[in-house]
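Protein chains get the first letters and strands the later ones, always in sequence-line order, with residue 1 at the start of each.
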Number of protein chains: 2
Amino acid sequence: MMTSESRTARAAYHHGNLTEVLLAAAIALIEEKGVEALSVREVAKRSGVSPGAPFRHFSSKTALLTAVAEEAMGRLTAAVRAEMSRTGDADPIEALRAIGRGYLAWALSNPTHFQIISSRSLIDFHDSPRLVEENEAIRVIMVDLIARAQREGRLRPGIVPGDLVFSSRAFIYGVARMWIDGHFEEWRVERPVAEVMESALDLFIKMIDAQS
Amino acid sequence: MMTSESRTARAAYHHGNLTEVLLAAAIALIEEKGVEALSVREVAKRSGVSPGAPFRHFSSKTALLTAVAEEAMGRLTAAVRAEMSRTGDADPIEALRAIGRGYLAWALSNPTHFQIISSRSLIDFHDSPRLVEENEAIRVIMVDLIARAQREGRLRPGIVPGDLVFSSRAFIYGVARMWIDGHFEEWRVERPVAEVMESALDLFIKMIDAQS
DNA sequence: GATGAATGTAATCAGTGATTACACAAAGGA
DNA sequence: TCCTTTGTGTAATCACTGATTACATTCATC
């Protein structure tokens, strides 16, 4: 296993850490033209290197995209945590709302990256400990918050905590994906996107909160 | 504009309606290997025809996939309507549950087709009147049912009908896509998929129903 | 300075969507 | 019956893709 330092040092051989340059080029290209338009050759060209070179650093196009996904997943969880710490976790329901807010805001600003980390055919999700762990971390936080809400009598009667974890995720994922997949138009959403997302989140929170 | 009859008749020139044979081959191939693995050449080969032939009937690969999507969308709305007529619409809340049930059951049994009709990069959704109309039909039914539920006092207080239409769709779409995208595993869903979907749907319905 | 691993190159492979010029079959009018 | 027109399919080809190979280069280290 290479440490981050030793890899950076060794990568400076010919090109000067190609690995990171390739990653940056891939991210830039994806942001410009979308994931579908990404090609390893183009990434190589932009990095000023031969078409075969990237394969020394990433065993396949999927591996390259997985690395992009790791980067993106880091940014997503950071955004969620930032929104949480802004809100605080005194109130578990408000903390849950903050997670949703952070998640949706990030998806809204980073549609292509969201698409990549959500996909399981573009990337090798389960082969990346980092992806699995960061995803799991958020899930655990949600489980804890919902359990606490339950103990404090903040959940509407009849709601099974385990079901709510899954359903909350499904709801927020559905809103995000409807945006990513371009379904807002068909569902007659003429208001600003951010506003619609906020209303949807408010409605969901209202529906689970015993005190509303 | 060609009518269906005349096209069928004329298509029998060399091959005997290639258009439909290509469509069937494409569907079969997609069901076997997934959308990603679909190639026009393979479709042509399976139909016993040269690689360029399909382009006489579908102007591009996207056009071919759009035709597949039209077929699939027809099946989805049929499944939803079937589930609705099984339940009846005496109770608007139960009718909404039936829509969700039909939608999820179909997505569960037809993951790849669901993926295609949900995508806006694989197909030309907005160029297909049929896709747009069938999607709109379901939306209108939901709008009506929710309006009726509102009038009959079946909606929990504080729920804005317009927001609920969107949120219901987002929720059901989220559940379906979590399945399609392979997120069930990560969210620790060890129970049978169909059971989880049912629980999620029940929870959502319970949350909107004033009488529960 | 020689050794050996890490890294990049050039050439090449099989496969892709798409376009073109061409061949062929059938329908319909003269 | 010819002969033109239209609809279909073919063959060849284009530019492009991800991936692999044999080879060359460069560096760290002994």
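- With sequence neighbours excluded, no residue forms a salt bridge (charged side-chain N to carboxylate O under 4.0 Å, His left out) with A:E36.
- When the C1' atom of D:dG18 is taken as reference, atom CG of A:L65 falls 12 Å away, rounded to whole Å.
- Residue contacts shown for A:S39 are limited to sugar-phosphate atoms, with no base heavy atom under 4.0 Å away.
- The distance from atom NZ of B:K45 to atom P of C:dG17 is 12 Å, rounded to the nearest whole Å.
- In this structure, A:G52 and A:E42 both approach DNA chain D, and ranking their closest nucleotides by distance from the 5' end singles out A:E42.
- Once rounded to the nearest 0.5 Å, the distance linking OG of A:S167 with OH of A:Y173 reads 15.5 Å.
- A:R191 and A:S199 share a side-chain donor-acceptor pair at under 3.5 Å.
- Of the candidate nucleotides C:dT9, D:dG18, C:dG17, C:dT9 has the atom lying nearest to any side-chain atom of A:V49.
- Rounded to whole Å, atom P of C:dG17 lies 5 Å from atom NZ of B:K61.
- Of the listed nucleotides (C:dT9, C:dA18, C:dC22), C:dT9 has the atom at the smallest distance from the side chain of A:A53.
- Here the P atom of nucleotide C:dT7 and the CD atom of A:E20 are 13 Å apart, to the nearest Å.
- Proximity of the aromatic rings of B:F184 and B:W179 is defined here by a centroid distance below 6.0 angstrom, and this criterion is met.
- Atom CD of A:E42 is surrounded by more than 12 heavy atoms from other residues, nucleotides or ligands within 6.0 Å.
- Between A:H57 and C:dG8, a side-chain N or O to OP1/OP2 separation shorter than 4.0 Å is present.
- We find that CZ of B:R41 is positioned 11 Å from C1' of D:dC14, with the value rounded to whole Å.
- The side chain of A:V40 lies closest to D:dG18, out of D:dT10, D:dG18, C:dT7.
- Of the candidates D:dT13, D:dT20, C:dT7, D:dT20 carries the atom nearest the A:F55 side chain, counting heavy atoms from C-beta on.
- Atom CZ in B:R56 sits about 10 Å away from atom C1' in C:dT19, given to the nearest Å.
- Nucleotide D:dA19 holds its P atom 13 Å from the CZ atom of A:F58, rounded to whole Å.
- Position along DNA chain C of the nearest nucleotide to A:S50 versus B:P51 favours A:S50 as the more 5'-ward residue.
- In this structure, A:L38 reaches the sugar-phosphate backbone alone: every heavy-atom distance under 4.0 Å involves primed, P, OP1 or OP2 atoms, never a base.
- Put simply, CG on B:L29 is 10 Å from P on C:dG17, counting in whole angstrom units.
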